[in-house]
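Worksheet: the structure to be examined is printed underneath.
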Amino acid sequence: MIRTLLRRRKEPLAIEDVTVVDKPGMRRAVAATAIGNTMEWFDFGVYAYVAVTLGRVFFPADNPATQVVSTFATFAVAFLVRPLGGLVFGPLGDRIGRRRVLSTTMILMATGTFAVGLLPGYDAIGFTAPLLLLACRVVQGFSTGGEYAGATTYIAEFAPDQRRGFLGSWLDFGTFIGYSLGSGLVTVLTAVVGETGMVEWGWRVPFLVAGPLGLIGLYMRLRLEETPAFQQEAERAAEAAQAAEAHGETVPIEEARQSGQGRLKEIFTRHWEAMLICMGLVLLYNVTNYMVTSYLPTYMTSTLGQDATTAQVLVLGTMLFVVLAITVVGRGSDRWGRRPLFLFGSLGLVALAIPAVLLIRAGGVLMPAIGCLILGAMLVTFAGTSAATLPALFPTRLRYGALSISYNLSVSLFGGTTPLLASWLVATTHNTLVPAFYLMAAGVIGLIATLFLHETAGKPLRGSGPMVETEEEARTAVAESRTEAGRHARDVWIRLRHPWAGAGHREEKGED
């Protein structure tokens, strides 16, 4: 009897507890979420590469340095409203579903980006021009507050446990494809129409391209199904509500937990440790990301005085390297784990940031190219791993909301402000090694967060059962679970009946 009770403490899986992934649905999920990130980062790539041009168009021509800082300030303001978007869209995605929220963020993001291309400049309407630019950036930032967290949640909840890293890496593959497309388009336009043509009309073209891209992304997202994890969670909640009604009971505590306010309270009171870990990893990834993608082109041209086309080509080449390597890193995280890759990248950033920036400062083409590739190698370590790591920190019923809030708080405070703070620090201190020091600080914070991170590779998401690709894998998982449950019950039984034999039994198993 005791042994039976012990076995029940660690119940084996039943076949209905294991979800076999719908492969066509999984492929649609990956494609539709990746196109949203492509859209988002197309805008970021364009904005970073035309920062100097936008400064001339939307701000007074008193001081070129002031124009650049003003442009990046407008860039940063969009990130300050991202937590608000996360507070709205995250809990909403946990209540009404991931699919509907992701479709809404797609519409808002495409509209905000497209509208930038229609704005008149400072010469036409004065200070109203930068205010309108700011309004468009606020719309973009608000929508993006629910975009990345929702996309990572969606892919993670559709992916089989053994391939979550590889499939999640396609989301950030879309990120860097979007950035490469945006920056590549600006580079070609600059070479064709020249700086004068870019100031007059060329800067509008990349933003107007966002309209068709947004329509494609919206069409793909409207064809998506809800994730299996969310459907199972919704079914459990419905069954609990029906059981309560059948007994004439009221469950005010559960009703509060299901409300938006109740979810937010639970996130901040019960999951604050996971939120801090998430924020540390997001800081590490995004400071590196925005330093390379958004600030580096301006740093190389405005601060170091290098040729604009050369700087654009070098950063674009770095992004193409990241694109080629990112799914390899994602697959590697499934094999070796998420923690080892984050540890490697954090330590590498601390050790190699200064050498990389010194190479970039050296001038010419070869040395800066090597410096950019070093930073790209560190960046791809985080980019290929984050989409599988971050959603696994939180349970299903709170995943979208908790991830949206912690992700966007970190991005708004530390990621999106990176170009602004870096440019201000360089202008204030006249020290061109500031970007390296900034990256080293991010590496230290990321290293601390990684030390508290639990390994999740190959394991089910919190609050969900195992996800597999085939029926055979499902049967194998059930059989292994029964074997493990029996072994666990046997070990506890032996310790209870023969406590003096516990040490010897553990030695036989090779335990400490």
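Bear in mind that the values here come from a model prediction, so they are computed numbers and not experimental data. Values below: every heavy atom of this structure, side chains too, minus hydrogens, waters and symmetry copies.
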If only side-chain N and O atoms count, and only distance matters, is there a donor-acceptor pair under 3.5 Å linking Arg361 with Thr432? yes
Yes or no on side-chain contact (heavy atoms from CB on, under 4.5 Å) for Leu208 and Leu118, after CA distance, side-chain angles and deciding distance? CA-CA 8 Å; Leu208 296 176; Leu118 301 176; 3.7 Å; yes
Between Pro120 and Ala129 the two heavy atoms that sit nearest each other are O-CB, 3.5 Å
Partner set under salt bridge (Lys or Arg N to Asp or Glu O under 4.0 Å) for Arg163, not counting sequence neighbours: Glu469
Test side chain to side chain donor-acceptor pair (under 3.5 Å) applied to Asp334 - qualifying residues, sequence neighbours left out: Arg338
For Tyr299, all residues meeting ring-ring contact (aromatic ring centres under 6.0 Å, His included), sequence neighbours excluded: Tyr295
Closest non-hydrogen atom pair, Tyr400 against Thr153: CA-OG1, 4.0 Å
Any non-hydrogen side-chain atom of Val282 less than 4.5 Å from a side-chain atom of Leu409? no
Residues two or more places apart in sequence or in another chain: which of them pass side chain to side chain donor-acceptor pair (under 3.5 Å) with Arg399? Glu157, Thr396
Which residues share a side chain to side chain donor-acceptor pair (under 3.5 Å) with Asp161, sequence neighbours left out: Arg164
With a 4.5 Å heavy-atom cut-off, do Thr298 and Thr303 have their side chains touching? no
Heavy-atom side-chain contact between Thr175 and Asp172 under 4.5 Å: yes
Stepwise side-chain contact (heavy atoms from CB on, under 4.5 Å) test for Val186 and Met198: CA-CA 9 Å; Val186 173; Met198 287 296 293; 4.2 Å; yes
Pairs satisfying ring-ring contact (aromatic ring centres under 6.0 Å, His included), at least one member in residues 190-228, at least two apart: Phe58-Trp203
Let me confirm one number: the CG-OG1 distance from Leu134 to Thr128, rounded to the nearest 0.5 Å. 12.5 Å
Decide side-chain contact (heavy atoms from CB on, under 4.5 Å) for Thr111 and Val139; before the verdict, give the C-alpha distance in whole Å, the side-chain angles of both, and the deciding distance to 0.1 Å. CA-CA 8 Å; Thr111 302; Val139 171; 5.6 Å; no
Here the pair of heavy atoms bringing Ile374 nearest to Leu359 is CD1-CD1, 3.9 Å
Under the ring-ring contact (aromatic ring centres under 6.0 Å, His included) definition, can you give me all pairs with a residue in residues 307-354, not counting sequence neighbours? none
Rounded to the nearest 0.5 Å, the OG1 atom of Thr104 sits from the CZ atom of Arg99 at a distance of 10.0 Å
Only counting residues at least two apart or in another chain, list the ones meeting ring-ring contact (aromatic ring centres under 6.0 Å, His included) with Tyr148. Tyr407
Salt bridge (Lys or Arg N to Asp or Glu O under 4.0 Å) partners of Glu225, counting only residues at least two apart: Arg28
Using a distance-only test with no angle check, is there a side-chain donor-acceptor pair under 3.5 angstrom linking Glu147 and Thr105? yes
Can you list everything that forms a ring-ring contact (aromatic ring centres under 6.0 Å, His included) with Phe89? Sequence neighbours excluded, please. Phe142
Distance in Å, Ile326 CD1 paired with Ser169 OG, rounded so as to fall on 0.5 Å steps: 6.0 Å
Any cation-pi pair here, Arg331 with Phe166, using under 6.0 Å and within 45°? yes
Spell out, as yes or no, whether a donor-acceptor pair under 3.5 Å connects the side chain of Arg221 to the backbone of Ala32. yes
Do Val57 and Leu133 come within less than 4.5 Å of each other through their side chains, counting heavy atoms only? no
Nearest 0.5 Å please: distance from the CG atom of Leu390 over to the CG atom of Leu453. 9.0 Å
Which heavy-atom pair separates Arg82 from Tyr290 by the least distance, and what is that distance? NH1-OH, 3.7 Å
Between CG on residue Leu296 and CG on residue Leu314, distance to nearest 0.5 Å: 8.5 Å
Between Thr190 and Val50, does the side-chain contact (heavy atoms from CB on, under 4.5 Å) criterion hold? Intermediate values first, please. CA-CA 9 Å; Thr190 303; Val50 299; over 6 Å; no
Flag the pair Val209 / Leu185 as yes when at least one side-chain heavy-atom distance between them is below 4.5 Å, and no otherwise. yes
Value rounded to 0.5 Å, distance of OG in Ser406 from CD1 in Ile267: 8.5 Å
4.5 Å side-chain heavy-atom contact, Asn431 and Val434: yes
Glu455, CD: over 12 other non-hydrogen atoms inside 6.0 angstrom: yes
ring-ring contact (aromatic ring centres under 6.0 Å, His included) against Phe452, all qualifying residues, sequence neighbours excluded: none
Taking C-beta and beyond as the side chain, do Asn289 and Phe176 meet within less than 4.5 Å on heavy atoms? yes
How close do Cys278 and Leu403 get, heavy atom to heavy atom, and via which atoms? SG-CD1, 3.7 Å
Of the non-hydrogen atoms in Leu167 and Ala159, which two are nearest, and what is the gap between them? CD1-CB, 3.7 Å
Just so I know, are the side chains of Asn286 and Ser410 near enough to count as touching, which here means a heavy-atom distance under 4.5 Å? no
Do side-chain atoms of Thr227 reach the backbone of Phe230 as a donor and acceptor pair under 3.5 angstrom? yes
May I have the step-by-step check of side-chain hydrogen bond (donor to acceptor under 3.5 Å, both in side chains) for Gln140 and Thr113, ending in yes or no? CA-CA 7 Å; Gln140 291 170 321; Thr113 305; 2.8 Å; yes
Does the Thr310 side chain pair with the main chain of Gln306, one donor and one acceptor, at a distance under 3.5 Å? no
By salt bridge (Lys or Arg N to Asp or Glu O under 4.0 Å) - contacts of Glu200 (at least two apart): none
